[in-house]
Amino acid sequence: AGYDRAREMGYVYNSTTFDNVFGATPPALGVVWLGGSAPGVVTIPCRSFQTYDTTDHTNYPVTAQRSYLYLQGKDAVGDPLHALGNKNEPVTTYRFDGDPVAGSGWLDDHSLDKRILLGSGPLTLPPGESVEFTIAIVVGQGANHLASVTDLRRLADVARYLASTDFEPAPYVDLPRELELTNGQPFQLHMAAFDPDGDPLTSLTADLSTLPEGHGARFDVAAGLAGG
């Protein structure tokens with residue numbers, strides 16, 4: 001299991017390259033926190049991520065108190081979590097927030113039947129008031145177990161985009177989140193677009209008019225599309 005802090009997504013994925021059910025292409029499943037609203041609160045972020053497995057009876061949240069500790073991003077006895085699972089590191093409320101694709105950061109190294117828990121708050125509500133949360137459950141599948149995590153991230157971005165449009169299925173443009181650039185050297189920016197409804201896209205355009213004079217930028221489209 002793991003947590004993607006940039007996308008506010010808790011997820012589970014296969015720990016090995018082969019799965020008895022899905023073979024060499026096991027999917028990954030994510031729960032994307034899209035926000036919440038309550039009286040007097042504009043946005044409610046995800047505040048914690050915890051995971052546990054069904055075989056660990058010592059830490060399984062069998063009581064309301066233990067469940068509440070997990071929702072606060074603490075361990076089963078109420079002690080704080082520390083980055084990388086090291087008490088010499090800063091306190092955190094997000095377990096396993098590393099990057100399994102890059103093999104970096106705090107990663108889950110126990111392959112078991114996992115459960116995940118995303119928490120928020122605390123919130124104070126007047127009598128009769130309610131709070132609403134919006135989440136998306138996404139399933140990604142790539143060429144292997146880690147490629148499925150990469151696909152999961154793409155779908156999480158799509159889910160957040162749809163939430164920002166009040167779930168109107170407008171065409172979505174997929175761009176890299178960051179680029180490595182060398183001063184004075186040309187670079188290529190690859191982008192893709194699709195319609196969440198499944199309708200075909202027949203044209204793709206880009207407005208380069210606001211770029212500095214002499215920028216040398218060029219917009220090319222794939223075969224079969226009109227562009228400019």
**Request:** Mind running side-chain contact (heavy atoms from CB on, under 4.5 Å) on His145 and Thr25 for me, showing each step along the way?
**Result:** CA-CA 6 Å; His145 65 306; Thr25 59; over 6 Å; no
**Message:** Tell me the closest heavy-atom pair linking Val131 and Ser37, and the distance in Å.
**Reply:** CG2-O, 3.2 Å
**Message:** For the residue pair Thr93 / Ser48, report whether a side-chain donor-acceptor contact shorter than 3.5 Å exists.
**Reply:** no
**Message:** Run the side chain to side chain donor-acceptor pair (under 3.5 Å) test against Asp19 and tell me which residues pass, sequence neighbours left out.
**Reply:** none
**Message:** Please determine whether residues Leu71 and Ile44 belong to a single hydrophobic cluster, defined as Ile, Leu, Val, Met, Phe, Trp and Tyr linked transitively by side-chain heavy-atom distances below 4.5 Å.
**Reply:** no
**Fill in**
Between Gln50 and Lys74, the two heavy atoms sitting closest are NE2-O, 2.8 Å
**Message:** Does atom CZ (Phe133) have a neighbourhood of more than 12 heavy atoms from anything else shown, all under 6.0 Å?
**Reply:** yes
**Item:** Ile137, CD1 atom: more than 12 neighbouring heavy atoms under 6.0 Å
**Value:** no
**Message:** Which residues pass the ring pair (Phe, Tyr, Trp, His ring centres under 6.0 Å) test with Tyr3, not counting sequence neighbours?
**Reply:** Phe49, Tyr94
**Request:** Provide the closest heavy-atom pair for Ala217 versus Leu211 in the form atom of the first, atom of the second, distance.
**Result:** CB-CD1, 3.7 Å
**Message:** According to salt bridge (Lys or Arg N to Asp or Glu O under 4.0 Å), does anything in residues 140-159 pair up with another residue at least two apart or in another chain? List the pairs.
**Reply:** Asp4-Arg153, Arg7-Asp157, Asp99-Arg153, Asp151-Arg154, Asp157-Arg177
**Asked** If you take all heavy atoms of Tyr70 and Asn59, which pair is closest and at what distance?
**Response** OH-O, 2.5 Å
**Message:** On a heavy-atom basis, which atom in Arg47 and which in Gly121 lie closest, and how many Å separate them?
**Reply:** CG-O, 3.6 Å
**Complete:** For Val91, the side-chain contact (heavy atoms from CB on, under 4.5 Å) test, sequence neighbours excluded, returns Pro80, His82
**Complete:** Closest non-hydrogen contact found for Ala28 with Ser148 is N-CB, 3.8 Å
**Complete:** Residue set satisfying ring pair (Phe, Tyr, Trp, His ring centres under 6.0 Å) with Phe22, at least two apart, ordered chain then number -> none
**side-chain contact (heavy atoms from CB on, under 4.5 Å) assessment of Trp33 paired with Ser120** = CA-CA 10 Å; Trp33 186 279; Ser120 190; 3.4 Å; yes
**Prompt:** How would you list all residue pairs meeting salt bridge (Lys or Arg N to Asp or Glu O under 4.0 Å) that involve residues 102-123, not counting sequence neighbours?
**Reply:** Asp108-Lys114, Asp113-Arg115
**Asked** If you measure from CG on Asp97 to CG on Leu81, what distance do you get to the nearest 0.5 Å?
**Response** 10.0 Å
**Tyr11 ring center near Tyr13 ring center (under 6.0 Å)** = yes
**Message:** Taking atom CD as the centre, does Gln65 end up with more than 12 heavy-atom neighbours from other residues, nucleotides or ligands that are less than 6.0 angstrom away?
**Reply:** no
